[in-house]
Amino acid sequence: MTDVALLTALAILFVVVGPLLLVAKGLGLSLIPSLILAGLLVGQLDVIEEEIMLELARLGIAFLVFTFSVQIHTERVRTVVSNTEIVAIVQAVVLGALGILFAIVVGVTLELEALADVGLDEPLTVEQALFVGIAAALSSSIVGTTLFTRSQSDIVHDYLSSEIDSFNDLLAVILLLVVSAGAFALDPVATQLGYGVMLIAAAIVINRYLFGIIDRLARGSDEAMLISIVALLIGFLATAEFLETSIVVGAFAAGIAVRDKPVEYSEVFNGLTSIQEFFVAIFFATVGALVTLPLDPFVPVATLALGLVVLTVVIKPIVTGALLVYTGYDRRSATLTGLDLDHVGEFSVIVAIEALVLGLLIEPVFEAIILAAAVSMILSNLTHTYDDEIYGFVAGRGWLGQPYHDVDDWNSVPDDISDHVVIVGYGRQGRRLVAFCEELDQSYVVIENNPQALPDLRTDCDAYVFGDAIEPETADVSNLEEARLVISTAESKSLTEYFLSYADTVDVIVRTRELPMAAELIERGATYVIVPDLLAADQLADSLEALLNGEYDSDELRTESMRELDLERAPPSRSSADR
């Protein structure tokens with residue numbers, strides 16, 4: 001295979017996909033299904049050989065994984081397993097076991113004499129079933145983030161999805177190393193795992209100790225930094241090839257080696273974002289192009305694919321939601337998190353590709369995994385778009401049962417509280433609002449649904465409710481109808497709609513990033529709308545005015561800015577006696 005063949009395949013892919021995407025955009029269709037369907041058309045034209053398409057998919061996913069692993073902060077890695085990671089482990093074990101069991105049942109059924117005409121030429125062994133289990137178990141931070149039609153926010157289910165997906169990505173890297181051994185034997189698997197540990201250890205060393213040298217040598221030059229990052233990526237890819245392990249593992253390690261410094265090198269990291277979007281398009285298009293129609297053999301492939309779709313789109317959200325509710329999260333956050341994970345991840349695709357190339361996976365099982373990936377990603381796009389409506393539908397019919405905990409057992413609110421401020425969310429903005437209310441001696445109630453914030457609520461807040469703000473019990477305990485003001489710090493459509501329903505009797509402040517939407521919300525009754533860009537502009541104007549009027553000197557303004565951006569790096573501010 002030559003580089004010219006790969007470039008030709010890439011050119012054909014975009015020549016066909018480009019115009020179709022323009023048509024889809026003009027018709028207002030969603031990007032993700034359009035890319036997959038356009039890729040499907042390319043595959044049916046049969047103008048690109050399967051071997052070349054597989055290699056293109058491997059390279060595309062490798063670069064995509066690199067752009068995402070750059071965002072991993074190694075200094076935040078914990079040595080203690082969190083509740084969220086326990087949920088991720090249990091979910092992966094349950095879905096993986098169900099996937100393996102399902103594939104084994106299908107394999108045994110196909111060996112029946114009555115199904116001899118529609119069976120497989122090769123037996124569906126336990127080893128083959130393992131790959132079905134992997135596809136069922138792993139979701140993906142890359143696919144999941146790309147599928148979000150809304151901006152990522154600090155609401156709980158976005159955080160939970162990211163945590164679970166990141167754990168799945170790490171698990172997938174380990175599985176890739178096992179598959180790269182080319183055989184399920186102890187010695188080659190141990191060797192590959194050793195190579196993986198070496199690559200990631202080298203990446204961490206470079207990130208912690210050597211990247212600073214690169215930073216100093218670049219002297220703020222975006223061009224020099226970009227070239228250095230590309231050279232680092234090529235070095236890790238070459239090392240992975242030399243060690244005969246997956247280049248995706250090399251790309252993952254290369255991303256970890258890069259220290260994420262978006263403030264100092266904004267143009268570089270904006271460029272990486274553009275590269276990420278480019279390879280996202282390649283990924284979804286190649287998934288569609290790898291789908292084989294008509295399916296041959298039809299029954300086994302269609303059965304395995306249908307089972308995988310049911311496991312990922314239906315069973316996985318149910319299992320995830322149940323585990324999160326049991327852990328202490330509210331029903332709404334648990335349900336929406338489950339819907340964020342309802343797809344076959346990109347790592348499952350690359351594991352299947354690597355296994356097929358190495359002869360560990362038979363063609364029909366590979367076709368089933370690819371077909372399930374394409375279908376689940378299209379369906380996942382729909383569930384992400386209408387996740388609030390789906391939650392309302394199932395909750396309204398009582399299918400979610402009662403909250404795991406009684407709201408009355410998780411709050412500290414005076415019975416006679418009234419004319420108070422209800423603060424929804426105890427993040428950075430919520431904490432400042434609490435401090436402001438306490439300075440004014442204004443009574444308040446904080447509503448938060450993140451269990452990790454519960455200790456701080458109990459320590460820092462005079463009055464709080466732990467629970468979903470939309471649940472009727474939460475409104476009752478917080479005495480929402482008697483409040484003076486409601487401030488929602490989370491950018492959530494469902495929360496905004498809910499609190500606007502109180503706008504006739506209570507002053508309501510909500511949040512959005514879009515200026516036209518802010519005007520619409522005010523027309524609908526909001527007292528004020530928090531728009532981060534406008535607040536940032538106002539803060540900038542105030543800082544410049546203070547600087548020009550002599551209230552700040554440049555060093556003090558720089559110190560204050562560093563404190564806002566990164567508390568740990570900010571030098572201590574001088575007292576009035578030092579000035």
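This chain uses plain numbering: 1 for the first residue, then up along the sequence.
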*asked:* Under the criterion side-chain contact (heavy atoms from CB on, under 4.5 Å), I'd like the reasoning laid out for F347 against V173: C-alpha separation, chi angles, the key distance, then a yes or no.
replied: CA-CA 8 Å; F347 269 116; V173 169; 4.2 Å; yes
_Full working for side-chain contact (heavy atoms from CB on, under 4.5 Å) between S494 and I470_ = CA-CA 8 Å; S494 57; I470 299 179; 3.9 Å; yes
_Quick one, E346 with V65, criterion side-chain contact (heavy atoms from CB on, under 4.5 Å). Give me CA distance, side-chain angles, the key distance, then yes/no._
CA-CA 9 Å; E346 97 290 341; V65 167; 4.2 Å; yes
*asked:* Working note: L341 + Q91, criterion side-chain contact (heavy atoms from CB on, under 4.5 Å); need CA distance, chi angles, decisive distance, verdict.
replied: CA-CA 11 Å; L341 307 176; Q91 177 224 62; 3.5 Å; yes
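By the neighbour-count criterion of 12 heavy atoms within 6.0 Å, atom CD of E127 is densely surrounded, having more than that number from other residues, nucleotides or ligands. Counting non-hydrogen atoms of other residues, nucleotides and ligands closer than 6.0 Å to CD of E49 gives a total of 12 or fewer.
In this structure the side chain of T84 never reaches within 4.5 angstrom of the side chain of F167, judged on heavy atoms. Between T303 and L110 the shortest side-chain heavy-atom distance does not fall below 4.5 Å. In this structure the side chain of L130 reaches within 4.5 angstrom of the side chain of I100, judged on heavy atoms. With contacts defined as side-chain heavy-atom distances shorter than 4.5 Å, the pair H343/S139 qualifies. Side chains of R58 and I247 form a contact here, defined as non-hydrogen atoms less than 4.5 Å apart. Taking 4.5 Å as the limit, every side-chain heavy atom of P516 sits out of range of all side-chain heavy atoms of E520. Within the 4.5 Å cutoff, side-chain heavy atoms of E363 are placed close to those of L356. A 4.5 Å side-chain heavy-atom check between Y391 and L339 finds every atom pair outside the cut-off.
If you take CZ on F211 and CE on M225, they are separated by 4.5 Å, rounding to the nearest 0.5 Å. The CG atom of N450 sits 7.0 Å away from atom CG of L160, with the distance rounded to the nearest 0.5 Å. Put simply, NZ on K316 and OG on S376 are 8.0 Å apart, with the number rounded to the nearest 0.5 Å. To the nearest 0.5 angstrom, L290 atom CG is 9.5 Å from I48 atom CD1. Summarising the geometry, atom CD belonging to E389 is positioned 5.5 Å from atom NZ belonging to K493; distances are rounded to the nearest 0.5 Å. Taken to the nearest 0.5 Å, the CD1 atom of I89 stands 9.0 Å off from the CG atom of L171.
Side-chain atoms of T312 never come within 3.5 Å of backbone atoms of V344 as a donor-acceptor pair (strictly under, hydrogens ignored). Between the side chain of S69 and the main chain of F252, a donor-acceptor pair closer than 3.5 Å is present. A donor-acceptor pair is defined here as one N or O able to donate and one able to accept, closer than 3.5 Å; such a pair exists between the side chain of Q128 and the backbone of I362. The closest donor-acceptor contact from the side chain of N168 to the backbone of L138 lies at 3.5 Å or more, if one exists at all. Looking only at distances, no side-chain donor or acceptor of T320 sits under 3.5 Å from a matching main-chain atom of P317.
Across every non-hydrogen atom of A137 and A92, the tightest pair is CB-O, 3.5 Å. L243 approaches Y195 most closely through the heavy-atom pair O-CE1, 3.4 Å. Minimum interatomic distance between N381 and T385 (heavy atoms only, all atoms of both residues): O-OG1, 2.8 Å. Closest heavy-atom contact between S246 and A240: O-CB, 3.7 Å. In terms of heavy atoms, F236 sits closest to A257 at CE1-CB, 3.9 Å. Heavy atoms only, all atoms of each residue included: A251 and A62 are closest at CB-O, 3.1 Å.
Side-chain contact, E514 with T512: no donor N or O sits under 3.5 Å from an acceptor N or O.
Sorted pairs that involve residues 353-383 and meet ring-ring contact (aromatic ring centres under 6.0 Å, His included), not counting sequence neighbours, are lacking altogether.
For V126, the side-chain contact (heavy atoms from CB on, under 4.5 Å) criterion is met by I104, not counting sequence neighbours. Scored by the side chain to side chain donor-acceptor pair (under 3.5 Å) test, T245 finds Q192 as partners (sequence neighbours excluded).
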